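Scroll down for the structure; my scribbles are underneath it.
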Amino acid sequence: MEWGAWKVQANDVKPGETRLVPGLPEEMAITYWDLKRKELGPPGGLGQIPGGGGPPGPGDKPPWVSEIEGSVGLMFNTCDDLDGPFTKYMEGQTGMPTWGVGPLLPEKYWQSSYSLISDPVIREQEGGSNLSEQEVIQWLDTKPRGSVLYVAFGSEVRPSADEYKQLADALEDWSRPFIWVVQHDKDHRPHPGLQKRVGNRGLIIYGWAPQLMILSHESTGGFLSHCGWNSTMEAIGRGVPVLAWPIRGDQYYNAKLVVNYLKVGYRVADDLSEMVKRDDIVKGSERLMGDE
């Protein structure tokens with residue numbers, strides 16, 4: 001999608017306009033809202049990186065284009081069932097053979113679609129956590145099938161501090177159970193009284209979380225995610241629908257794949273260039289979790 005946006009000079013798309021990318025499905029046509037994004041950080045920060053916060057400028061190539069010059073083929077961390085039209089598109093655009101060799105997830109992930117995946121077997125626990133994996137399992141075991149919303153943004157990106165407050169308010173006001181993973185960052189932490197106020201309805205994990213286990217548990221029914229590629233593949237592979245809240249770069253295109261093409265999720269809000277508000281989160285979460 002990043003390549004397609006560059007090829008059709010999508011930086012000048014107007015509100016209400018839909019710009020088709022020749023060779024790609026109509027569902028992936030570029031719109032104004034695909035490119036209208038908030039800038040991230042001060043000048044020179046993430047918002048200034050091509051493919052980062054804001055849309056590319058006129059003539060900007062995706063940063064990886066020059067890196068593939070002279071290659072004899074391209075391998076992608078995906079598969080034809082999910083991305084067939086897109087790998088074929090890249091084959092036609094670059095003149096190189098392409099292969100989908102993924103999703104590249106641990107072997108244990110694929111052994112059974114009905115068993116819990118124990119994360120410590122696969123990943124080192126980085127930075128510690130306030131809860132053990134067993135404590136998380138015990139909490140999930142008390143919840144009805146498909147009732148829990150899992151909220152996590154990975155280790156590299158997260159909403160703004162103000163949006164974190166909106167998220168905390170939304171989860172407190174919401175009626176369904178949730179797990180919220182919060183990174184070790186004093187500017188991005190919910191009020192310490194939130195856990196007490198939501199009681200056993202919510203579980204707040206500080207630091208490392210057993211994500212594969214949570215996504216493979218039958219009580220998990222939705223995933224509020226930044227749509228990093230690994231998180232997106234882990235959720236789809238376990239049949240967990242996604243409420244997409246992309247923050248930067250390819251996460252916007254991953255979200256579009258999830259929502260428009262694969263149709264296994266919704267966006268948390270239409271306009272992600274503005275602050276996502278409590279009502280957006282509550283309505284989006286209810287829409288996701290209420291869709292049978």
Side-chain angles (χ1 to χ4, degrees), residues 105-106 108-123 125-155 158 164 166-184 188-226 231-232 234-245 264-266 268 278 281-292:
L105 296 169
K108 186 176 177 62
Y109 181 91
W110 304 108
Q111 287 179 356
S112 171
S113 60
Y114 299 102
S115 63
L116 286 179
I117 303 171
S118 180
D119 272 29
V121 174
I122 300 170
R123 299 171 175 169
Q125 295 194 24
E126 299 177 358
S129 174
N130 62 317
L131 295 170
S132 69
E133 182 178 76
Q134 192 57 41
E135 287 175 312
V136 178
I137 291 174
Q138 290 172 353
W139 183 88
L140 281 166
D141 285 345
T142 68
K143 305 306 175 189
R145 183 183 184 92
S147 67
V148 176
L149 177 67
Y150 174 53
V151 182
F153 295 93
S155 58
R158 62 208 65 179
Y164 249 50
Q166 297 289 321
L167 176 56
D169 289 343
L171 293 175
E172 182 175 350
D173 292 346
W174 201 39
S175 60
R176 299 177 188 256
F178 66 88
I179 293 177
W180 184 10
V181 181
V182 180
Q183 297 303 320
H184 291 297
H188 292 79
R189 294 173 73 90
H191 189 279
L194 177 62
Q195 181 68 80
K196 183 178 181 179
R197 292 195 298 272
V198 299
N200 192 50
R201 179 173 63 83
L203 193 69
I204 301 175
I205 301 176
Y206 293 96
W208 178 88
Q211 178 161 298
L212 291 177
M213 184 281 292
I214 293 170
L215 290 173
S216 63
H217 196 286
E218 66 175 13
S219 293
T220 303
F223 185 10
L224 175 53
S225 171
H226 65 303
S231 290
T232 301
E234 289 168 4
I236 290 174
R238 285 285 153 166
V240 178
V242 174
L243 188 60
W245 190 341
V264 292
Y266 298 115
V268 70
R278 170 200 164 280
I281 301 164
V282 171
K283 290 176 183 177
S285 300
E286 191 59 44
R287 185 185 185 196
L288 185 81
M289 300 299 288
D291 187 343
E292 297 179 358

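The first residue in the sequence is number 1, and the count goes up from there. What you see is a predicted model; the values in this text were computed from it and never measured.
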Only residue of Ile281, Val282, Leu288 satisfying side-chain contact (heavy atoms from CB on, under 4.5 Å) with Ser285 is Ile281

d(Glu133 CD, Leu131 CG) to nearest 0.5 Å is 11.5 Å

Q. Quick one: are Arg197 and Leu194 in side-chain contact, heavy atoms under 4.5 Å?
A. yes

What one should report as the nearest heavy-atom pair of Val242 and Ala235 is CG2-CB, 4.0 Å

Does Arg201 reach the main-chain N or O of Arg176 with its side chain, forming a donor-acceptor pair under 3.5 Å?
yes

Between Ala152 and Gln211, the two heavy atoms sitting closest are CB-OE1, 4.1 Å

Output yes when a side-chain donor or acceptor of Gln195 lies under 3.5 Å from a complementary backbone atom of Gly202, and no otherwise. yes

Is the closest side-chain heavy-atom distance between Leu167 and Val151 below 4.5 Å?
-> yes

One should read off an interatomic distance between Glu286 CD and Leu149 CG, to the nearest 0.5 angstrom, of 10.5 Å

Smallest heavy-atom separation, Ser129 atom then Ile205 atom, equals OG-CG2, 3.5 Å

Those residues at least two apart in sequence (or on a different chain) that pass salt bridge (charged side-chain N to carboxylate O under 4.0 Å, His left out) with Asp291 are none

Sorted by chain and number, sequence neighbours left out, side chain to side chain contact (heavy atoms under 4.5 Å, CB included) with Glu218 holds for Arg145

Minimal heavy-atom distance between Ser225 and Ser231, with the atoms involved, is OG-CB, 4.0 Å

One should read off an interatomic distance between Ile179 CD1 and Thr220 OG1, to the nearest 0.5 angstrom, of 5.5 Å

- [ ] Would you check if Ile214 and Phe223 make a side-chain contact, meaning some heavy-atom pair closer than 4.5 Å?
- [x] no

Sorted by chain and number, sequence neighbours left out, ring-ring contact (aromatic ring centres under 6.0 Å, His included) with Phe178 holds for none

Those residues at least two apart in sequence (or on a different chain) that pass salt bridge (charged side-chain N to carboxylate O under 4.0 Å, His left out) with Glu135 are none

**Report entry** Whether Arg238 side chain and Tyr109 backbone form a donor-acceptor pair below 3.5 Å
**Finding:** yes

**Request:** Taking the side chain as every heavy atom from C-beta outward, state whether Glu234 and Val240 have any atom pair closer than 4.5 Å.
**Result:** no

Original post:
What orientation do Phe153 and Tyr164 show, parallel under 30°, tilted 30 to 60°, or perpendicular over 60°?
Top reply: tilted

The side chain to side chain contact (heavy atoms under 4.5 Å, CB included) partners of Gln138 (sequence neighbours excluded) come to Gln134

Taken to the nearest 0.5 Å, the spacing of Tyr150 OH from Leu203 CG works out to 11.0 Å

With sequence neighbours left out, the residues meeting side-chain hydrogen bond (donor to acceptor under 3.5 Å, both in side chains) with Gln166 are none

Q) If we only count heavy atoms from C-beta on, is the Lys143 to Asn200 side-chain gap below 4.5 Å? A) yes

* Asked: Would you say the side-chain atoms of Thr142 pair up with the backbone N or O of Trp139, donor to acceptor, closer than 3.5 Å?
  -> yes

Expected output: side-chain Ser219 to main-chain Leu140 donor-acceptor under 3.5 Å = yes

